[in-house]
Participant: 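Got a structure for you, written out below as structure tokens; questions coming shortly.
Only this structure's heavy atoms are used, side chains among them; waters, hydrogens and symmetry mates stay out. First the proteins, then the strands, lettered A, B, ... as listed; each starts at 1.
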Amino acid sequence: MSSTVVRTLRQASLSALAVLAIAGSAQAVDITGAGATFPNPVYQKWAEAYKAKTGTALNYQSVGSGAGIKQIEAGTVDFGATDKALDADELKKNDLVQFPAVIGGIVPIVNLPGIGSGELKLDGATLGAIFLGTITKWDDPAIAKINQGVKLPSTPITVVHRADGSGTTYNFTYYLSAVNADWQAKVGSNTAVDWPAGVGGKGNEGVSALVQQTAGSVGYVEIAYALQNKLTYTKMMNADGAFVEPKLEGFQAAASHADWASVPNYRLVLANQPGKDSWPITAATFILVHGKQTDAAKAKAVLGFFDWSLNNGQAMAKDLLYVPLPDSLVKMIEKTWTDDVKADGKPVWP
Amino acid sequence: MTSAAVTATGKPGTRVHPRRLGNIIFGGAAWTFGIWVLILLAAVMIALVMGAVPAFQEFGPSYIWTEAWNPGKDIYGAMAPLYGTLVTAFIAMIIGVPFSLGIAMFLTELCPTYLKRPISTAVELLAAVPSIIYGMWGLFVLVPLMQLYIEPAIISTLGNIPLIGVLFGGPAYGIGLMTAGVILSAMVLPYMVSIMRDVFETVPPQLRESAYGLGATTWEVVRSVVLPYSRVGVVGAFMLALGRALGETMAVTFVVGNSYHIKASLLAPGTTISASLASEFAEADGLQLGALLANGFLLFVLTFSVIGVARLMLLRLQRKYG
């Protein structure tokens, strides 16, 4: 080989090393997370603001709760995000610490020509029966009874559900199980269930698209997707028997009943909370970090991001219709960090 | 490198060694790449079989013909995706075969020269469209058309025929096995057309011209000269298209409905193996992952046997007709 080739090779390897060095130094500040799609809009917003403020960038991949759990277990990301809270055994097995980050709402969406947002009313019994496939037409007496004055078409109902595993599905089916005994017996609640009826779409986007494309369809999505895509949402009957619209106040009312200190690992599902204003399908979403950290600076950067977001990101969360966590809860969470997240046996926070 | 280039351009003499070295490297590399294919295939097979073991251990061979998919209770069966895979591919072939035969024949026998290029280019462009685009087109354009016009028409006509009527029963969702089959037929069409066009063009002009010379019509030439001569290639084209239809993922996932229940109607939502893998793989773990991998293994076996059967048929045809 001629010397020119050798020289070129040497130059190339040197510049490659330089690139690696740059990447390496950038890596030291940047943090990565993966998981739930449900809180993705607010995490992205927080990340943008945090980067502008501190220069620390967050790379959050909204790949779904299940994938998020898998990635944090495998240690390929600095934190995982999930809508379905893990139980004590699961947390212990993988040495994970769990805390809530934000609270949001899930809404039923419909595509019924001539019927606008908030015009159709549903309750747990009818919504459950529709998703079970026992109510198949929109003018079914059970729907007509709670919708007097609304002109219901005699078209068949197309149920649209998630085809992938999803924390949104977990919270939605948890709600249906809580309010509908039939649903509880036949289907139950999980991130993916044996859907008795309907068609499946991938992700919140897939469900939104299918509902928009199919006249006579009904599905469920996170509230931000419903608003962004101008989908027709319904009113729901809550635990107090009142029909409520999916509004921030309704999610806040539901969240206000949560007693976080009562459960270990913050494992609280907010479905069907009491109160006349409470939106019945409200849910918290969670963050997972390792209890034993190898890199104290990195761990501190992750917790620093959430510290800043939980204390300064309330307005941003509200803009996107998420309910920020109350100050008392944030204090509790930060104490959990101090107690449970350690590097070399020493707490990394504060 | 420079020295090798010099000797290669015809200045042999003192620098023989690099040349021989080059040949050795080339030979070694070619061997490695060749063997690599075998290793890759074996690795995929082994990974699939190993991944599929938990599901087959749990459910036994009846896993294949059980219709169940319940991640909550961890009960799985491959029947619904298997059925959907076969039915969508079948619908695609039923629609695609006559269309592609017609297009290929038109291109080779009837098409005026000024139309030949535009049509050929259009067919090739169809093959270049990414499958996600077919999926989005399917969801946003084809699904509403199917729901509002085509499926109601099918239900009110074919749906009333005794016996086969159940295959075309309502309601019209727009999303379902039929729509997936229609999309698939559009996707496999270009493959069949371009292979068949090439195959038809291998028919020696003497044969064709002498048939015309004897007073045969275009139809007679196609039926008695072109098709018998190119039979093997045509069957090969169908099989290649079938293999693709069985495995197509993204476009199908958009429009098939992703429902794990087998309904009598072809218009009903269903799922295919590749669609279920695309939807659930990222979130699956434990037995569900095993079941998905088992389905992947079944798809592998299915496409492998399609290719195997195609080979066998081609061999037979070749032996029969020389």
Participant: Taking the side chain as every heavy atom from C-beta outward, state whether A:T169 and A:W195 have any pair of such atoms under 4.5 Å apart.
Facilitator: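 SC-SC contact between A:T169 and A:W195 confirmed.
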
Participant: Top residue by heavy-atom pair count (under 4.5 Å) with chain A, among B:T253, B:V255, B:I175?
Facilitator: B:I175

Participant: What part of A:N190 lies closer than 4.5 angstrom to a heavy atom of chain B: side chain, backbone, both or neither?
Facilitator: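 Side chain only.
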
Participant: Do you know which of A:G68, A:P196, A:G216 has the most heavy-atom pairs under 4.5 Å to chain B?
Facilitator: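 Top option by heavy-atom pairs under 4.5 Å: A:P196.
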
Participant: Considering only heavy atoms, which portion of B:A172 lies under 4.5 Å from any heavy atom of chain A: side chain, backbone, both, or neither?
Facilitator: neither

Participant: Looking at every heavy atom in both B:L184 and B:A92, which two are closest together, and how far apart are they?
Facilitator: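 Minimum heavy-atom separation between B:L184 and B:A92: CB-CB, 3.5 Å.
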
Participant: Between B:Y260 and chain A, with a heavy-atom cut-off of 4.5 Å, which part of the residue counts as in contact: side chain, backbone, both or neither?
Facilitator: neither

Participant: Side chain, backbone, both or neither: which part of A:S217 has an atom under 4.5 Å from a heavy atom of chain B?
Facilitator: neither

Participant: Can a donor-acceptor pair be found, under 3.5 Å and without considering hydrogens, that links the side chain of B:E67 to the backbone of B:G77?
Facilitator: no

Participant: Taking all non-hydrogen atoms of both residues, which atom of A:Y220 and which atom of A:R162 are closest, and how far apart?
Facilitator: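 Minimum heavy-atom contact is OH-N, 3.3 Å.
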
Participant: With a sphere of 6.0 Å drawn around OH of B:Y149, does it hold more than 12 non-hydrogen atoms of other residues, nucleotides or ligands?
Facilitator: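 No - once you tally the heavy atoms of other residues, nucleotides and ligands closer than 6.0 Å, there are 12 at most.
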
Participant: For the candidates B:T271, B:V143, B:N258, which exhibits the highest count of non-hydrogen atom pairs separated by less than 4.5 Å from chain A?
Facilitator: B:N258

Participant: Quick one: what part of A:V160 sits under 4.5 Å from any heavy atom of chain B, side chain, backbone, both or neither?
Facilitator: neither

Participant: Hey, are A:K137 and A:D139 close enough for a salt bridge, meaning a charged N less than 4.0 Å from a carboxylate O?
Facilitator: no

